[in-house]
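Below is one structure, written out as structure tokens; the observations come after it.
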Amino acid sequence: MNQNTDILTSLNPEQADAVTANNGPVLILAGAGSGKTRVLVHRIAWLIQQQQVAPHDILAVTFTNKAAKEMRVRIESLLPFSIAGMWVGTFHGLANRLLRAHYQQAKLPQTFQILDSADQLQMIKRICKDLELDPKKWPPKQFQWMISDHKERGLRARHVNPEGDYQLQKMHTVYQQYEETCQRAGVVDFSELLLKAHEVLLENPTILEHYQQRFKHILVDEFQDTNKIQYAWLQLLSSQHKGIFAVGDDDQSIYGWRGAEVENIRNFSNEFPNAQMVKLEQNYRSTSNILNAANALIENNAQRLGKKLWTDSGEGDRITLYGAFNEIDEAEYVIKQINRLARDGVRHDNVAILYRSNAQSRLFEEQLMRSNIDYKVYGGLRFFDRKEIKDALAYLRLIANPHDDAALTRIINRPTRGIGAKCITSVQARANAEGITLWQAIETLTKGTELTARTAYVLIKFTQLIESLQQQSTTLSLEDMVTNVVETVELHTLYEKEAPESAATRRENLIELGNAAAQVSSELDGEDPLSTFLAYTALESSEEDDETADRNCVQLMTLHSAKGLEFPVVFLTGMEEGLFPHSRSMDDPDQLEEERRLCYVGITRAMQQLFLTHAHVRRMFGEAKYSMRSQFIEEMPEELITDVSLPAKPKAAPISEPTSLFDEPDMEGMPFYLGQHVAHSKFGEGVVLNIDMQGVHPKVEINFNDVGNKLLNMEYAKLTPLE
DNA sequence: GAATGCGAAGGCAGG
DNA sequence: CTTCGCATTC
């Protein structure tokens with residue numbers, strides 16, 4: 001067997017077409033479970049082996065580190081040699097690499113640091129405070145969102161025309177201040193990485209030409225998730241050889257909220273002339289019942305490139321629908337099913353519980369724990385986001401670059417060393433007044449005379465601490481540097497004082513940080529160890545490595561983090577109006593379509609069995625909320641679904657005691673019950689949300705399908721029960 | 001200046 | 001139900 005057949009035999013005709021497509025622009029419209037990664041990997045192997053393309057000339061971009069890693073491993077298993085020279089990575093990782101290589105052109109210090117969104121928010125809060133913006137009227141989060149949104153569209157503060165709009169004026173000021181502060185401190189946030197990398201290419205023709213020449217083939221995974229800047233990058237880099245090979249699925253575009261433009265994939269053929277398109281529609285994952293439900297659902301989206309998944313495997317089981325009384329009942333039902341499945345031989349790690357938002361995991365965790373079922377929650381707190389880790393990292397960041405204001409603010413008084421709020425405020429005031437970093441402000445202030453002797457003393461002690469750490473680290477290995485910081489600063493004593501019960505865990509985590517450092521330094525290739533490690537901690541989630549890999553546990557995650565994965569059994573939970581689709585997306589057709597795509601992603605994760613669950617009443621933010629089941633359920637063909645919900649118990653409940661919904665039928669003669677479907681002569685059909693028997697005029701709150709929530713007087717409203 | 005306690009506010013998704 | 005900012009007390 002020659003290598004050509006080796007690479008192509010295992011592929012279906014469409015996959016083979018994709019793998020052997022011309023060098024020009026290619027778009028692979030790859031449905032869920034259609035072998036997308038396979039095509040990417042085989043394409044690269046085919047280029048290298050059949051077209052004699054050097055790995056060095058290939059750039060492969062993904063969105064997650066996991067996908068990048070998987071791609072690399074799979075290519076290397078197809079090829080008899082290493083592909084070390086190939087650039088494989090995430091957009092953020094590659095941007096970081098580019099900026100490290102060309103830090104002068106990027107006007108960044110060589111040791112520039114990366115801000116995560118928490119750091120970013122802190123900095124924005126500080127700026128808002130300096131500008132004396134009332135956080136109630138001007139929530140810092142909103143500025144954070146606006147800044148990211150602008151950067152993702154390639155807009156800097158100077159591109160914002162603040163005239164006229166008061167809101168825009170404020171935003172412009174904050175954005176400008178933020179840019180300046182970051183620039184001074186030598187830090188970049190996530191979107192800045194991409195934006196700056198793009199600017200470096202645009203503004204430096206020699207650099208641009210170098211990469212344009214080099215990357216004869218650019219392969220992009222999850223193309224539907226690219227934002228404007230990422231797209232501009234790809235266009236720029238591919239403009240010489242036109243060797244762009246984009247793989248994606250417009251039906252799985254679920255990151256609009258962080259700037260992804262689904263138009264990038266929809267308009268591919270217009271933007272890249274002579275583009276070839278290959279559709280992969282044969283699905284190797286799910287039963288046809290599951291696929292048909294997914295197909296029917298996504299048909300409700302107006303704007304699509306159009307694609308219909310099919311499979312030659314069997315129908316499979318019907319989809320199970322369970323409408324629970326409340327969220328506890330929902331969790332109990334799911335656990336009961338998991339136990340039942342286990343008796344039928346389904347391993348726990350074959351089961352995934354998916355939900356719209358992270359907060360929903362708690363109930364399932366409690367129930368799983370009670371039933372002694374091992375589980376793993378994905379995407380919660382990142383290891384590198386833990387408090388103790390961020391503290392230690394902040395010290396390391398200051399060692400690398402003392403002007404890193406975000407890091408300095410974090411630990412200047414952690415552990416407490418007598419530098420209080422007043423002192424910090426005066427340092428910040430000085431920094432603002434002179435346009436210098438906090439570190440520089442401390443230096444100026446301690447040399448001057450306006451500080452009290454005591455304040456000057458503690459500040460000098462602090463700078464000496466950092467300087468001595470810097471001194472020591474010149475001779476230390478990366479992992480010793482970590483240990484040295486932790487011990488010198490006595491971080492563990494801080495945690496023992498704060499929360500003795502978790503001090504042991506924090507200590508272990510700090511040791512683990514040392515291990516991570518050792519790991520990174522063993523993989524160095526001439527880069528600066530500290531900066532590389534710090535960039536790594538910002539860009540890598542460090543999720544998988546551990547022992548959970550072979551534990552037989554139920555998988556819990558959000559729908560977003562489930563993308564790209566598959567499970568024999570999937571529970572799609574919290575299928576309620578307001579939760580999924582999320583209330584903030586329900587009024588905007590575009591956002592509703594994105595929610596629907598998210599649902600589509602969820603359905604297509606399931607290989608054999610799919611369960612849909614929803615709760616009639618759910619405690620949210622401490623109070624009971626009643627919801628109709630998700631419209632997405634109604635959009636799936638009835639004949640594919642078996643409803644195993646218990647028959648509804650028509651009982652009313654007073655507004656004051658919503659928890660007694662199912663056991664206190666104390667309102668005799670009440671014509672309505674919560675969750676009941678009713679019709680109104682003017683407003684159409686709706687569902688009873690609340691009943692208020694207090695007061696002279698009993699009122700009923702109804703969520704109408706067409707006109708939203710209304711509070712009606714029960715005596716006058718002409719309501720007809722529909723059930 | 002630090003520790004503690006209180007009330008208010010905010011609460012979707014992730015690199 | 002949590003987190004965060006703020007005020008009070010030590």
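Just so we're on the same page: letters track the sequence lines, and every chain starts at 1.
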Centroid-centroid distance, F91(A) to F63(A), less than 6.0 Å: yes
H92(A) ring center near F190(A) ring center (under 6.0 Å): yes
Centroid distance under 5.5 Å and plane angle under 30°, Y255(A) vs dA13(B): no
What is the distance, to the nearest angstrom, from the [atom1] atom on [X] to the [atom2] atom on [N]?
{"X": "D119(A)", "N": "dG15(B)", "atom1": "CG", "atom2": "P", "value": "17 Å"}
{"X": "D189(A)", "N": "dG14(B)", "atom1": "CG", "atom2": "P", "value": "19 Å"}
{"X": "H582(A)", "N": "dG11(B)", "atom1": "NE2", "atom2": "P", "value": "10 Å"}
{"X": "D221(A)", "N": "dG15(B)", "atom1": "CG", "atom2": "P", "value": "14 Å"}
{"X": "L451(A)", "N": "dG1(B)", "atom1": "CG", "atom2": "C1'", "value": "15 Å"}
{"X": "L598(A)", "N": "dC12(B)", "atom1": "CG", "atom2": "C1'", "value": "10 Å"}
{"X": "K66(A)", "N": "dG14(B)", "atom1": "NZ", "atom2": "C1'", "value": "14 Å"}
{"X": "Y355(A)", "N": "dC12(B)", "atom1": "OH", "atom2": "C1'", "value": "13 Å"}

L297(A) side chain reached by I603(A) side chain, heavy atoms, under 4.5 Å: yes
S583(A) vs dC12(B): side-chain N/O to OP1/OP2 distance below 4.0 Å: no
Distance test, side-chain N/O of N358(A) to OP1/OP2 of dG14(B), below 4.0 Å: yes
For the residue pair [X] and [Y], confirm or rule out a side-chain donor-acceptor distance under 3.5 Å.
{"X": "Q252(A)", "Y": "Q224(A)", "answer": "no"}
{"X": "Y255(A)", "Y": "E222(A)", "answer": "no"}
{"X": "Y600(A)", "Y": "N301(A)", "answer": "no"}

Using the 3.5 Å cut-off, write out each protein N or O paired with an N or O of nucleotides 2-6 of chain B and the distance between them.
| from | atom 1 | to | atom 2 | distance (Å) |
| --- | --- | --- | --- | --- |
| dA2(B) | OP1 | G418(A) | N | 2.8 |
| dA2(B) | OP2 | N413(A) | ND2 | 3.2 |

What nucleotide among [options] has an atom nearest to a side-chain atom of [X]?
{"X": "W257(A)", "options": "dG1(B), dG11(B), dG14(B)", "result": "dG14(B)"}
{"X": "R362(A)", "options": "dT2(C), dA13(B), dC12(B)", "result": "dT2(C)"}
{"X": "K141(A)", "options": "dG11(B), dG15(B), dA13(B)", "result": "dG11(B)"}

Quiz item: cation-pi between R618(A) and F325(A), 6.0 Å / 45°: no
Cationic tip of K141(A) above F143(A) ring, under 6.0 Å, 45° of axis: no
Under 3.5 Å, which N/O atoms of the protein pair with N/O atoms of nucleotides 3-7 of chain C?
| from | atom 1 | to | atom 2 | distance (Å) |
| --- | --- | --- | --- | --- |
| dG5(C) | OP1 | K125(A) | NZ | 3.0 |

Side-chain donor/acceptor of R597(A) to backbone N/O of I298(A), under 3.5 Å: no
Any donor-acceptor N/O pair, H616(A) side chain to N326(A) backbone, under 3.5 Å: no
Chi angles and distances behind the side chain to side chain contact (heavy atoms under 4.5 Å, CB included) call for Q428(A), K129(A): CA-CA 11 Å; Q428(A) 281 175 357; K129(A) 219 173 201 169; over 6 Å; no
H92(A) or K422(A), whichever maps to the more 5' nucleotide of DNA chain B: K422(A)
Given DNA chain B, 5'-ward residue of the pair E595(A) and L539(A), judged by closest heavy atom: E595(A)
Sugar-phosphate, base or nothing in reach of R584(A), heavy atoms under 4.0 Å: base
Touch class at under 4.0 angstrom, heavy-atom based, for N65(A) against every strand present: nothing
Pairwise P distance, dC4(C) and dA13(B) [rounded to whole Å]: 15 Å
Distance, C1' atom - from dG5(C) to dC12(B), rounded to whole angstrom: 24 Å
Worked verdict on E327(A) versus R619(A) for salt bridge (Lys or Arg N to Asp or Glu O under 4.0 Å): CA-CA 7 Å; E327(A) 76 278 20; R619(A) 273 194 103 71; 5.9 Å; no
Below 3.5 Å is the cut-off: list the nitrogen or oxygen pairs between protein and nucleotides 8-10 of chain C, distance only.
none

Distance (rounded to the nearest 0.5 Å) between T181(A) OG1 and Q177(A) CD: 5.5 Å
